[in-house]
Amino acid sequence: MAKNNEYNKVSVLIVGGGPAGLACAIQLKSEKPEIDVCVIDKSAEPGNHNLSGAVLEGEALHTLLDSAVPGWQESEAAKDVLGKKVDKDNVMFFLGKKLSFNIFFVIKLAKRLGLSFGQMIHKGDYIVSISKLTKWMGQIAKDLGAEVLPGFAGADIILDGTAERSVGVKLVDQGLDREGNKQLNFVEGEVINSKFVVLAEGCDGLLTEKFIEKAKLQRQSPQLYSVGVKEVIKVSSEQYQKFGDDRVVHAMGYPIWVPFVGPGMFGGGICYPVGDDHIAVGMIVGADWKYCDFNPQDALTNFKNHRFIKQFIDGGEVVETGAKMIPEGGYYAVPRDPQTGTIGKGNVLILGDGAGFVNMLKIKGLHNAIDSGIKAGQAIAETINNPEAAAARYTELIDQSAVAGEMESAKSFRQTVARFGPLQGMPLSIFGGLLPRFRVEGDYEAMTIARYRLKPNQQFDKDTFTAMAATEHREEQPSHLTILDSEVCKTKCTPRFNSPCITFCPAGVYEMVHDEVEPANPSNCLHCKSCQRKCPFDNIRWTVPEGGGGPRYKRM
Ligand code: SF4
Ligand code: SF4
């Protein structure tokens, strides 16, 4: 960044160093090497805050790298990150703890009949660790001349007086104590002025949501989320060989959906190879669950104990863990300017998961994140002398792209399931685009006093889970988690729902302290933001802690 009087100044500021933001940086630097591009990320190192399944459709990444880095496929890094492809595509239905049915033929049939469900085919896709992919993309962006700055957390996006464009981003203050007093090492978060601001923060990004509010963008339907928890397990060589380096498992049904008798939640389990005798297992649950004592980690425990999964991981050692949310609302939840339809406004562009470009029929969004990064890079290169036109050009490119095509094809899926539940909603959603847009409520409004009837006997060990995510924050800083009104906890939530944040936070951040619910362990936070979206009284706010804090994922 070039120093300009008291402010730092850059041409293009990308907030978020995940696949979308880095794809934007790579595209832009390959088209216009002379432009100064800066990527900031709150994690200590690129990839540390990135967690996903992950199965990656390669086309967008190939398009990006073919023009930016000729011969890229020959590099050792490319071979390491993209060394595995799906050959065995197990789409399963689990009935109870023991029975499993491979229903892949149904997906194939749907594809043949041209039904939207046919999209759920992963054969030929890469099986990747998104943390490794991100680290690699970060290096490519740096090699092309972009500044990639981990440890820089954005606190706010600053708009000009008209709220039509941004003038830059203010970073988080460093060196405050728990009460907010300045310590000797206090450094005020500086403002980075920029001609273009690209918001690529991932799901439920702080600056993205602030911008949506300030610039009065609108979603046609509230964003819906799911919560994913994941473990990487070291297994025996025999187990790994039995599983194979080319198999992915996506399982519906038990333990989150048992037709007719319940529970009735949307989502499912995943099981992927990581390499070197490691297998990843995960559970993704729609955050519109209604059970006040439910915790996705309990469902993960049940999933791991299912006979089909257990054969591959029994006796293994958990070596890494993590949690994050996924934006599932799809087409209707993309934030747009109500007048112009732009995804962003003026010189501000919203990318990837921040915009909600996840296709739940494919259970994938990574390819769309990268594609949106490419489109953002192209739009900025074209409008470099007219930044106010960037969001409009970006939206035009997105609306003509495969991203928009597939978002549209899946547009009513998640809302239909949210409205009718998995049993009726999934079959109904076959009618795809013919269905109307059903009104759905925010996830937090779905909580009831119902209980999850498959609660495992043993409580989930959250301390070990948190330790394996290697999460860290400077202890002496203000809490980045705020309970807005503790009276609501005391008089409404605890008597009725028994303080669900204590149960569902995967890191055990919330505790009852002297009869009051408090975010007692903020330094354990995994930045999944589930608490902000699932507290039944919308009573929690998550802000960004000092840069460099949070989990340190390596193989997620
Ligand atoms: Fe309930 Fe939310 Fe208070 Fe937790 S913070 S006790 S979930 S109202
Ligand atoms: Fe996730 Fe909130 Fe718990 Fe942090 S405190 S781990 S954001 S649920």
Side-chain angles (χ1 to χ4, degrees), residues 42-43 48-49 51 153 201-206 209 225-230 283-285 287-298 300 321-327 442-449 460-473 477-546 549-553 556:
K42 62 185 170 57
S43 65
N48 273 3
H49 287 184
L51 180 150
E201 298 170 284
C203 183
D204 203 15
L206 180 77
E209 295 305 314
Y225 300 92
S226 65
V227 180
V229 286
K230 184 175 168 186
M283 178 55 63
I284 301 163
V285 188
D288 53 349
W289 74 71
K290 61 181 180 185
Y291 310 101
C292 61
D293 64 339
F294 179 71
N295 173 352
Q297 288 160 318
D298 288 340
L300 180 62
T321 57
K324 75 163 280 198
M325 283 203 305
I326 303 164
D443 290 320
Y444 72 92
E445 294 178 77
M447 191 74 83
T448 68
I449 56 168
F460 193 92
D461 182 357
K462 291 190 187 189
D463 290 341
T464 307
F465 190 88
T466 311
M468 289 291 150
T471 194
E472 252 177 39
H473 295 84
Q477 64 175 301
S479 172
H480 65 284
L481 295 146
T482 308
I483 293 181
L484 300 177
D485 185 348
S486 56
E487 275 306 299
V488 170
C489 306
K490 210 181 279 178
T491 58
K492 294 185 176 170
C493 186
T494 303
R496 189 166 162 74
F497 299 129
N498 199 20
S499 323
C501 57
I502 297 177
T503 310
F504 69 65
C505 166
V509 167
Y510 296 89
E511 279 181 10
M512 193 65 84
V513 182
H514 306 305
D515 287 338
E516 276 202 13
V517 178
E518 284 182 14
N521 311 301
S523 53
N524 285 357
C525 179
L526 300 175
H527 296 201
C528 72
K529 303 168 201 159
S530 315
C531 48
Q532 169 159 274
R533 296 297 170 188
K534 194 55 193 167
C535 162
F537 293 93
D538 190 20
N539 196 22
I540 294 176
R541 290 296 173 268
W542 187 97
T543 54
V544 181
E546 284 182 5
R552 283 154 202 253
Y553 302 139
M556 284 292 164

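Whatever order the structure lists them in is the order used to number ligands and atoms, beginning at 1. Any value given below was found using the heavy atoms of this structure, including those in side chains, with hydrogens, waters and symmetry copies removed.
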task: Spell out, as yes or no, whether a donor-acceptor pair under 3.5 Å connects the side chain of N524 to the backbone of V509.
output: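 Between the backbone of V509 and the side chain of N524 there is no qualifying donor-acceptor contact (under 3.5 Å).
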Backbone N/O of C505 and side chain of K462: donor-acceptor pair under 3.5 Å: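 Here the side-chain-to-backbone pair exists.
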I need the minimum non-hydrogen distance between [X] and [Y], along with the two atoms involved.
{"X": "L481", "Y": "C531", "answer": "CD2-SG, 3.9 Å"}
{"X": "L206", "Y": "T543", "answer": "CD1-CA, 4.1 Å"}
{"X": "A469", "Y": "T321", "answer": "N-OG1, 3.1 Å"}

Which heavy atom of the protein is the closest neighbour of [atom], given with residue, atom name and distance?
{"atom": "atom 6 (S) of ligand 2", "value": "L526 N, 3.3 Å"}
{"atom": "atom 3 (Fe) of ligand 1", "value": "C489 SG, 2.4 Å"}
{"atom": "atom 4 (Fe) of ligand 1", "value": "C501 SG, 2.3 Å"}

Give the atoms of ligand 2, by number and element, whose distance to some non-hydrogen atom of [X] is under 4.0 Å.
{"X": "C531", "result": "2 (Fe), 5 (S), 7 (S), 8 (S)"}
{"X": "V509", "result": "5 (S)"}
{"X": "K529", "result": "1 (Fe), 7 (S)"}
{"X": "W542", "result": "7 (S)"}
{"X": "Y510", "result": "5 (S)"}

query: So how far is it from F504 CZ to C535 SG, rounded to the nearest 0.5 Å?
result: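 Result: 6.5 Å between the selected atoms.
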- prompt: Counting heavy atoms only, which part of L481 comes closer than 4.0 Å to ligand 2: side chain, backbone, both or neither?
  reply: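 Side chain only.
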Contact between [X] and [Y] at the side-chain level, heavy atoms closer than 4.5 Å - yes or no?
{"X": "M447", "Y": "F537", "result": "no"}
{"X": "N48", "Y": "Y553", "result": "no"}
{"X": "K490", "Y": "E516", "result": "yes"}

query: Considering C493, P519, P536, which one's heavy-atom position lies nearest to atom 1 (Fe) of ligand 1?
result: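 Selected option, by shortest heavy-atom distance: C493.
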query: From atom 1 (Fe) of ligand 2 out to just under 2.8 Å, does an N/O/S atom of C528 turn up?
result: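 True for C528.
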message: Only heavy atoms of I540, strictly under 4.0 Å: list the atoms of ligand 1 that pass.
response: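 The atoms of ligand 1 under 4.0 Å from a heavy atom of I540 are 5 (S).
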field: Heteroatom N/O/S of C535 within less than 2.8 Å of atom 1 (Fe) of ligand 1
entry: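 No, since none of the N, O or S atoms of C535 sits under 2.8 Å from atom 1 (Fe) of ligand 1.
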